[in-house]
Each structure stands twice: as structure tokens, then as C-alpha cells.
Amino acid sequence: MDEMKEIIKNYVIREYVEDDTDVTYDTPLISGGIVDSFSMVSLKRFLENKYQIAIPDDKATPEAFDSVNKICLLVNEYVK
Amino acid sequence: MAYTEKTRGIYKEILGGLQQAGIFKQERFIHSAQAADIEVEFPTGSSLKKVINICANNYLGLSSHPEVVQAAHAGLNSHGYGMSSVRFICGTQDIHKKLESMVTEFLGTEDTILFPSCMDANGGVFEAVLTKDDVMISDRLVHASIIDGIRLCSAMHDTFKHSDMEHLEEKLQLHNDKRLKMVITDGVFSMDGDTAKLDKMAELCEKYDALLFCDDSHASGFIGKTGRGTHEKCGVMGKMDIITTTFGKGLGGASGGCVSGRRELVEMCRQKARPYLFSNTIAPPVVAGVIKVLEILSASTDRRDKLENNTIFWRKGLTDAGFILKDGDTPIVPVMLFNAKLSQDISRDLYEEGVYAIGFFFPVVPQGQARIRTQISAGHEVHHLEKALDAFRKVGKKYEILGKTKQEIIERYGM
């Protein structure tokens with residue numbers, strides 16, 4: 001779980017952060033304006049490719065993607 | 001008639017919020033034709049003031065060009081005022097087809113379809129040519145009209161960091177399983193004045209079998225050696241799959257826009273693009289005016305050459321004076337001030353000095369990147385630019401920002 005959190009956090013930083021904003025496992029990503037709703041697509045695709053899962057569109061909500069911790073909970077629902 | 005006091009109050013509160021936040025847009029009334037010298041009533045009710053306009057998209061100075069005005073008059077006389085129809089019912093005249101053909105030749109594409117505006121072109125094109133099996137990959141700084149068009153389309157959407165070709169390639173790899181991939185960018189970015197790396201993008205699109213889309217509204221008519229646009233500048237004429245552009249800026253400044261590109265994609269727009277199907281054809285006098293504009297620009301590069309020289313002169317003048325500019329070589333020259341209030345104060349003082357230039361700040365530009373966006377025109381003569389430079393120097397001196405670094409300006413005025 002910790003390894004997954006670190007992988008996702010690093011992806012978020014590399015993909016979306018263009019200044020020195022600090023991202024922790026609880027940092028609000030969508031509601032905090034770090035990830036916009038358009039960019040959630042690449043995050044979802046990254047998770048699906050990385051963990052070989054399929055996240056249904058109705059589960060990939062802004063709420064479910066709003067922090068690294070929440071994303072990990074979501075991913076773990078689908079990882080076999 | 002259910003517009004109650006409660007309902008009115010809701011909207012008053014929203015509008016009041018905009019005013020409080022300092023983002024309420026106040027229009028200034030121009031009492032003359034669009035040109036380098038204009039007469040402005042501002043604030044409303046005040047006497048007219050003659051000022052030099054350095055914030056118009058009138059890049060080629062054709063908005064009030066006598067030959068264009070005359071051609072519009074002739075079009076009005078021969079083809080009437082309006083068509084009272086969309087194109088596919090009874091709204092297509094010979095001059096509409098003539099203009100489409102001229103734009104195709106000018107841009108070096110296969111075919112062209114006119115839209116009431118480029119906003120409409122961008123609003124309709126993606127939905128017309130892409131489906132849910134496809135993906136759109138756009139630069140993060142594309143124009144708002146492209147974002148709206150993307151929202152109306154069922155295809156998946158992803159973004160890449162501004163002008164970051166490595167990031168774009170990662171995204172093309174990530175989405176390589178999609179039926180169609182379309183890479184989407186502006187040619188010249190309107191707020192920063194920088195140019196898309198269309199040559200690199202075309203290479204990547206070839207490598208990953210993706211379509212390449214460019215909105216060239218701030219480039220058509222003057223970017224590239226013969227003014228064909230960003231694709232000419234980058235050496236990729238003939239490699240563009242879709243170019244959208246406007247007739248509301250360099251190409252005459254009236255209104256109207258188009259989608260130009262691959263024959264089948266243009267035909268898809270003719271069959272399916274909703275802003276094309278459900279709004280009126282471009283008015284005949286405007287069509288006649290744009291035809292004249294393209295004739296002028298095809299006959300000589302004098303106007304775009306003059307614009308290029310004016311831009312070099314302007315950039316050098318501001319740089320020598322000690323202002324911080326965004327890098328670039330287009331007629332969009334942003335003077336960086338970083339602080340929102342400072343940008344408003346300087347805009348106001350410039351107006352007092354007889355120069356009309358607008359300050360932009362968040363959310364129009366990113367936080368801490370407030371600026372005065374200046375836009376140069378072939379309609380400017382050297383004396384306009386010299387007078388405007390004098391005003392900039394005077395105001396810059398007043399605020400003690402000349403020769404100062406970004407850090408020094410921020411330390412004094414804040415972000």
C-alpha cells in the first residue's frame with residue numbers, strides 16, 4: 001500500500017505540479033485545484049495501465065480522485 | 001414574468017461579487033473606426049479622448065482599410081445584407097464558395113468550410129469528426145473556445161504541459177490504443193505570444209499516427225514568410241490535418257471563421273457540425289471584405305513585413321527601456337508586471353498618457369503573472385510606436401520598475 005501511495009504521489013507531482021507545491025497523501029487534488037477534471041483522464045488511464053485494472057467511469061469521480069489516499073482505496077477495490 | 005426581487009437579488013449578488021473581486025469587465029466605447037488612432041469615451045459619459053490603440057487584434061491594419069471597406073460596400077450592393085438562412089437550406093452564395101476556395105489556397109490545405117466565427121468552428125469541429133473511441137490531446141494553454149469544443153465532444157480528453165514535446169509523446173504512447181488520436185494546439189498563444197512547435201508536433205503525429213489540429217487565429221495573414229500562418233513558419237505546410245482560424249483578427253477583423261484541412265474532415269463538418277448547421281451563413285458584405293483581404297495579402301507581403309518590422313522596433317524599445325517582456329517574436333508582446341493592481345494602475349496611467357493598453361491578471365492569466373498585453377499592427381507608424389514608448393517609459397519610471405528584475409518588482413508590489 002505504501003509503495004502504491006508513493007508511486008501515485010510521484011505520478012501526480014510529475015504530471016500536474018508545475019511549481020513547488022507540496023503534495024502529501026492527503027493533499028486535496030481535485031478540490032485543491034492541482035488536478036483539473038480534464039486531467040483526471042490521464043490519471044485514470046495511468047492507474048488502469050499500471051495496475052492492470054478497469055475502473056468504471058461512474059466510480060472515477062472527482063471525490064474518489066481527490067487525494068492519493070482516496071485513489072489508493074479506489075484502486076485496491078479492483079486489484080486482484 | 002417571474003422575475004421577482006428575489007431572482008433579481010441573486011444576480012445582483014453574483015455581479016457584485018465580480019466587482020468586489022476586481023474581475024468585472026467594463027467596456028470602453030470607441031467612437032471611431034478601428035485603427036491605430038481611436039477616439040474613446042471612458043469612463044462612460046466623459047468627453048472623447050484620442051489615444052493610440054495597442055491592444056487590438058488588428059494585426060495587419062485591415063479593419064478599416066479603404067479597399068476592404070469598398071469591397072464590403074460592393075458585396076452589400078451585389079449580394080445583399082443577409083441571407084436569412086443557414087448554409088444548407090438557402091444560405092450559400094457564389095461568394096461563400098469563392099471564399100472557401102481562396103482560404104484553401106491561402107492556407108495550403110485540401111478544403112475549407114466557413115463558420116459564423118472561429119469560436120463556432122472550434123465549438124463544432126471536434127464533435128463532428130471524433131467519437132467516444134477516440135482521444136483528444138491538447139496543450140494546457142489552448143484557447144477557451146477549444147476547451148468548449150472539447151467539452152461538447154464524446155471523445156476522451158487528455159492534456160500535455162504547455163509546449164512540452166516529451167510530455168506530448170508520453171500521452172501519445174498512453175493513448176496509442178485509441179481508434180483516432182488528435183493533437184490540439186493554438187498556433188500562436190494569445191496571452192504569451194509564443195508559437196507552437198508545429199514541426200516537432202507534426203513529427204510526433206507521424207510517428208504515432210495522430211491527427212494534428214491548430215487554431216491559427218493569432219497567426220493567419222502574418223506569421224510565416226508569406227503570412228500563411230504558424231505551419232508556414234514551422235515548415236509544415238501541407239502536413240496539417242485541421243487548421244481553424246478567424247476573419248476577426250488579422251484577416252480583416254470583422255467576423256467569421258473557418259475549418260480548413262483534410263477534405264473528408266471538412267465534409268464531416270459540413271454534414272455534422274452543429275454551429276454550422278444551426279446558425280446563419282456569414283453576411284455577404286463580410287464575405288466580400290474577406291475576399292478582398294486575401295487578394296491584398298496574396299498580392300504582396302508588404303503588410304506582414306511592416307508588422308514584423310514594427311514588432312522588432314517595439315520589442316527593442318520596451319527592452320531598452322528596461323521592461324520585462326515574455327520571449328517571442330510575434331506581434332503579441334506581453335509586458336510583465338506580475339502584480340494585478342500594478343497592471344491596472346499602469347493601464348490607467350497609460351490611458352492618461354494617450355495609450356490604450358489593457359492589463360490582464362488572474363484568472364485570465366496564471367496567478368502572479370499579471371501583465372499589459374500589447375499588440376502591434378501594420379497600421380502603426382513609427383511615430384505611433386515612439387509616442388507609445390514615451391508613455392511606457394514615463395509610467396514605468398513613475399512606478400520605478402524600469403530595469404528591475406521580476407524578484408524586485410514582486411518584492412515591492414507583491415504577487
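Residue numbers begin at 1 in each chain, while the letters A, B, ... track the order of the sequences.
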Donor + acceptor pair across side chains of B:H143, B:S217 (<3.5 Å):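 Distance-only check fails for B:H143 and B:S217.
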
Nearest heavy atoms of A:E15 and B:T159, plus distance in Å: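 That would be OE2-O, 4.3 Å.
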
Minimum-distance pair of heavy atoms, taken over all atoms of A:I53 and A:Y78: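 The answer is CG2-O, 3.4 Å.
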
If I measure from the heavy atoms of chain A, does [X] come under 4.5 Å with its side chain, its backbone, both, or neither?
{"X": "B:H167", "answer": "side chain"}
{"X": "B:D177", "answer": "side chain"}
{"X": "B:I147", "answer": "both"}

Presence of salt bridge, B:D134 and B:K178, under 4.0 angstrom: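 Answer for the salt bridge query: no.
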
